[in-house]
Amino acid sequence: MKDQVIIFDTTLRDGEQALSASLTVKEKLQIAYALERLGVDVIEAGFPISSPGDFESVQTIAKHIKNSRVCALSRAVAKDIDVAAESLKVAEAFRIHTFISTSTIHVQDKLRRSYDDVIEMAIAAVKRARNYTDDVEFSCEDAGRTPIDNLCRMVEAAINAGARTINIPDTVGYTLPNEFGGIVAQLFNRVPNIDKAIISVHCHDDLGMSVANSMAAVQAGARQVEGTINGLGERAGNCSLEEIAMIIKTRSDFLGVETNIKHNEIHRTSKMVSQLCNMPIQANKAIVGANAFSHSSGIHQDGMIKNKNTYEIMTPESIGLKNQALNLTSRSGRAAVKNHMDTLGYIDGDYNLDTLYADFLKLADRKGQVFDYDLEALMYFANLRDEDDFFKLNYLSVQSGSIMATTSIKLQCGDEEKCEAAVGNGPVDALYQCIYRLTGYEIALDKFDLTAKGEGEDGLGQADIIANYKGRKYHGTGLATDIVEASGQALLHVINSIYRAEQIAEIKQKSKMETV
Ligand code: KIV
Ligand code: ZN
């Protein structure tokens, strides 16, 4: 029997830390469901002490996720641990992950403590966490730059205090694969109680070595790998879990270990994370890049025709990439749309067939043929929309030329439909002025991106904006065959989120005043 490598996903914590606008609770739950289906063993859902929003996300995920262990991060501080436990207690079983720095530079210049103090803090934190759960993970932050004697002392103390997983992060992505594998090997040789814990690794990608370092650690005996989907994370990111999963599968002959990952979920999960996090994937990224399975040179193509094994070490189907021969048109029925979604691997809970079919028909009328990537884009977009959105674009007309543009719109504002027209230095500028006037919100845009979803000139246009409102950043997405309309949808997505947040704050304030 092969040894199991536990896959610990921190897309929603380390990955989310690096986004320009934080994810909503709904978006985080969507990703958590996808991770559960992917088969990750542990989902690090957030850092509950860091904000009320993070607390709520961890609590919501802990309530809904049943097949992966939900975990929350805490510093080695009593209050952090108590708040993490509070957010997780809705789950039947959960993990608390507590950490403190161990490298000399962090201990002296960041914590300004002695190493003995830091060991005492770690012991106290692990013991406190053990009061809430048996499943406690302890991380030695910046372990990659920690003198090995100090690291051994800390690991031994944390295990004695009750940590069942010891995580060795290369926090700044500094080590080389044989160096990092050597650190893990030394821990196995020198820490007397090492057999009482699982050794985990958490590598950052500053020098592009996070995956290689993690695999070197696995070869040295680590049995948990931490990382994120698409390698999201602080600075250059974390170790890409889809790469780890496919390395372990493809080279199981050499490695003799396995994971619980359902590999055919990789493609879909990666796309969802990229979409919701507004983080495009580079085309030549291993495993999930758009070119990862395409063969360009004539010699390669010739080899592939003769025998796929000449240039293919894993199949696109193994990560869930499927190409369907039949496309859909406005004459296709609901069953055909559902059948395509089934073949793409989506299940009923992933989307609402009524909404998807209605959106599909509108698109098919405009576009003729609808491709699988269109269906997926429609599904992601519908999942972002809320049926109870206060502001909805009912009508849009644009006149643009080489000098000025004029836009007129009808906007549903709750029960009322309002009209407005504006002139701008382009159609999007004119449209945004109409929306600002009708909604009463004036928003600063930090970023505005337009991308084509799909291929050819009749692909869908997607607009992504990062908006700044009263110091908080919001991500808005819009999708339409018309890029001006997509831009309007993206702004309305943001405005609806702000409006909803203000309504919730008002209700909370009222109930607070009533109880006083
Ligand atoms: O990179 C790091 O050291 C971390 C720890 C909190 C595990 O993210
Ligand atoms: Zn990290």
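Atoms within a ligand are numbered from 1 in the order they appear, just like the ligands themselves. Start at 1 with the first residue, then count along the sequence.
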Taking only heavy atoms of [X] into account, list the atoms of ligand 1 that are under 4.0 Å away from them.
X	value
P169	3 (O)
E141	3 (O)
D14	8 (O)
T171	1 (O), 2 (C), 3 (O)
H204	1 (O)

Any side-chain to backbone donor/acceptor pair from [X] onto [Y]? Under 3.5 Å, distance only.
X	Y	value
T10	D14	yes
D80	A84	no
Y115	V107	no

Quick one: list whatever passes side-chain contact (heavy atoms from CB on, under 4.5 Å) with D135, sequence neighbours left out.
-> R69, R95, T133
Just need the protein heavy atom nearest to atom 6 (C) of ligand 1, so name the residue and atom and give the distance.
-> R13 NH2, 3.7 Å
Taking 2.8 Å as the upper limit, name the protein N, O or S atoms near the Zn ion (ligand 2).
-> D14 OD2, H202 NE2, H204 NE2
Salt-bridge test for [X] and [Y]: reply yes if a basic N is under 4.0 Å from a carboxylate O, no otherwise.
X	Y	answer
K447	D464	no
K262	E265	no
E16	K28	yes
R145	D170	no

Ligand 1 to H202 polar contact by distance, N or O atoms, under 3.5 Å | yes
Is the distance between the ring centroids of Y441 and Y469 less than 6.0 Å?
-> yes
Could you see which bit of E137 sits under 4.0 Å from ligand 1, with heavy atoms only: side chain, backbone, both or neither?
-> neither
Does the side chain of F8 come within less than 4.5 Å of V40's, by heavy atoms?
-> no
